[in-house]
Every structure is written in structure tokens, then in C-alpha cells.
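Note sheet for the following structure.
In the text below, chain A, chain B and the rest are named by the order of the sequence lines, each starting its count at 1.
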There are 2 protein chains.
Amino acid sequence: MPVPLYQAKAEFFRTLGHPVRIRVLELLQEGPRPVRDLLADLDVEASSLSQQLAVLRRAGLVGATREGNTVVYALSTPDVAELLRAARRILTEMITDQGGLLAELRGSGARAGSRTAPV
Amino acid sequence: MPVPLYQAKAEFFRTLGHPVRIRVLELLQEGPRPVRDLLADLDVEASSLSQQLAVLRRAGLVGATREGNTVVYALSTPDVAELLRAARRILTEMITDQGGLLAELRGSGARAGSRTAPV
DNA sequence: TCCGAATGTGCACAAGTCTTCAACTTCCGG
DNA sequence: CCGGAAGTTGAAGACTTGTGCACATTCGGA
């Protein structure tokens with residue numbers, strides 16, 4: 001194993017760890033889109049978007065096709081969309097959970113949660 | 001919405017974007033474990049592990065309980081384990097895919113893949 | 001052919017992340 | 001009550017990333 005799996009995983013997550021990249025991926029969930037279009041929705045500089053698109057491309061998460069004057073991007077596999085859905089679900093669950101969790105955490109100081117079965 | 005959702009998501013993924021943190025989470029999938037134990041498996045300095053555990057704690061992904069002389073960590077919700085499984089599945093799919101994908105990518109230069117339905 | 005729009009790239013600088021080291025706290029056994 | 005083991009924390013320095021800018025490239029149309 002040249003690159004340990006857990007390191008590949010960490011890199012993969014780091015690739016997702018940028019607001020613009022997340023938004024691009026979410027926009028692409030609905031189908032391929034030209035850069036111009038993404039640019040309109042995202043409110044970042046063109047070159048900045050290009051940089052982030054390059055990161056996603058290198059990571060193999062998206063692919064680009066030139067169509068005449070413009071370049072169209074698309075998710076390279078639907079799995080990406082699936083992962084994003086999983087993340088969204090989990091994240092919102094965690095956030096809503098925190099209503100109850102926070103109380104518990106504050107109440108007991110550093111002796112936090114262990115909500116998983118105690119063996 | 002104080003923090004836009006896509007930014008929260010990016011932060012969440014960045015939290016996962018570190019080899020030690022990934023490994024800790026994976027070890028904790030099997031149940032709560034004392035720091036000493038993690039330390040034995042991970043081959044990093046104690047203080048370094050502690051730093052990463054602190055990151056995970058702040059992110060709300062794990063919780064710690066002091067038990068006498070030692071501190072025991074546990075996932076704060078089983079959802080985390082679920083996300084890791086999803087990520088592993090997707091990552092391995094992407095890696096195996098790349099056998100075929102790579103050929104396609106190299107063959108057609110920058111005009112890469114759009115494997116999602118063309119609208 | 002020449003111009004301008006649409007993108008990508010290289011660079012320098014600001015900002016954030018990791019690792020290491022030393023000091024501190026808590027608990028247990030003697 | 002003291003010494004040591006288990007963890008945690010804060011700070012400094014090395015390193016990695018993100019951003020904005022100027023410039024190169026590629027097309028399509030006048």
C-alpha cells in the first residue's frame with residue numbers, strides 16, 4: 001500500500017473542506033453546468049473559482065468538457081452526490097441534537113457525552 | 001442562519017481531514033477506548049494525539065470521560081461511524097473506478113468524463 | 001485577421017494548521 | 001503528604017493553503 005488508506009481518506013475529506021468547493025459540488029448535483037453559470041451563483045473571483053475547480057479536478061471529483069466558448073463541469077460519479085447527502089443529513093442531525101447535548105455538556109463540565117453504549 | 005450551511009459543512013469535512021483524527025474515529029467505531037490504548041495503536045506523541053482529540057472534541061464528534069487515572073473517549077453519535085462507512089465505500093469505489101477512468105482521462109486530454117446524465 | 005469574452009496559470013503575500021516542547025493538573029500508591 | 005503516571009494546554013516555528021493580480025490561451029464573430 002503506497003499511501004495508507006487513512007491518509008487517502010484524510011486527503012479526500014480535506015478536498016471537501018472548502019466552502020466554494022462544497023457549493024460547486026452541490027450545484028453540480030443537479031447536473032452539468034458551465035463555469036460562467038457557477039460563477040454567477042457563487043460570488044467569487046473567476047480565477048479563484050478556477051483554482052478550486054482545479055483542485056476538484058485533480059481529486060477526480062469532477063470532469064470538464066469544453067463546449068465551444070465555454071467549459072462545462074460535471075460530477076465524475078454520482079457517488080459524490082450521495083456522500084454530500086449523507087454529510088448533510090448527519091450534519092443537520094448533529095446540529096439539532098446539540099439542543100439537548102449542549103445542556104448536558106454544560107451541566108457536567110469536561111465530563112462530556114459518551115452517548116454510545118458504555119461497552 | 002449565522003453560519004451558512006455550506007461553510008459549516010466545509011468545516012466539518014476539514015475536521016475529518018487529518019490522518020490521526022480519521023484513525024481515532026475509526027478506532028472508536030468499535031467502542032469507547034482509553035487514550036493510552038489509542039496511543040499504543042497510533043504511534044504519535046502523546047501531546048500530538050491530545051491536540052487532535054481536542055479538535056474532535058471541539059467539533060463535537062467525540063466525548064471524553066475521566067475514569068480514575070485514565071480518560072476514555074467515545075464517538076458522541078453513531079452517525080459518525082455511518083459517515084465513515086459511507087466515505088470508505090465511496091473512496092474505494094472511486095479508486096477502483098480509476099482503473100478505467102484513468103485510461104479515459106489520459107486518452108482524451110482535458111475533455112474528461114461527465115458520467116452523470118447530460119440533463 | 002484582429003478583438004474581446006471565457007478560463008486557466010504562476011506568483012507573492014496573508015492566513016491557517018501541525019508538530020514539538022515545556023509546564024500544569026489530577027489521581028493513585030506508598 | 002510526596003512522587004510519578006496519564007493527559008492536557010499554550011506557544012513558537014515550519015509548512016501548507018487560499019486569495020487577488022497580471023498575464024497567457026482559446027474561441028467565435030466582425
Could you check A:E45 against A:R21 and say which one's nearest nucleotide on DNA chain D is further toward the 5' end? A:R21
Need to verify one output field. Residue with the more 5' nearest nucleotide on DNA chain D, A:R14 or A:N69? A:R14
B:R89 with A:E82: basic N within carboxylate O range, under 4.0 Å: yes
Think A:H18 has a side-chain N or O under 4.0 angstrom from the OP1 or OP2 of D:dT16? no
For a 4.5 angstrom cut-off between non-hydrogen side-chain atoms, does B:R88 reach B:E26? yes
Rounded to whole Å, how long is the line connecting atom CG of B:L38 with atom C1' of D:dA6? 13 Å
Does any non-hydrogen side-chain atom of A:D37 lie less than 4.5 Å from one of A:T70? no
Counting only side-chain nitrogens and oxygens, does B:Q52 get under 4.0 Å of the OP1 or OP2 atom of C:dT17? no
Close N or O pairs between protein and nucleotides 8-12 of chain C (under 3.5 Å):
{"from": "C:dG8", "atom 1": "OP1", "to": "A:Y73", "atom 2": "OH", "distance (Å)": "2.9"}
{"from": "C:dG8", "atom 1": "OP2", "to": "A:S50", "atom 2": "OG", "distance (Å)": "2.7"}
{"from": "C:dG8", "atom 1": "O5'", "to": "A:S50", "atom 2": "OG", "distance (Å)": "3.3"}
{"from": "C:dG10", "atom 1": "O6", "to": "A:Q51", "atom 2": "NE2", "distance (Å)": "3.4"}

Could you point out which residue of A:R36, A:R23, A:R33 forms a salt bridge (Lys or Arg N to Asp or Glu O under 4.0 Å) with A:D41? A:R33
Mind checking whether B:V24 and B:L42 have side chains closer than 4.5 Å, heavy atoms only? yes
Grab the CZ-C1' distance between B:R36 and D:dT8 for me, whole Å please. 15 Å
Taking the side chain as every heavy atom from C-beta outward, state whether B:F13 and A:T15 have any atom pair closer than 4.5 Å. no
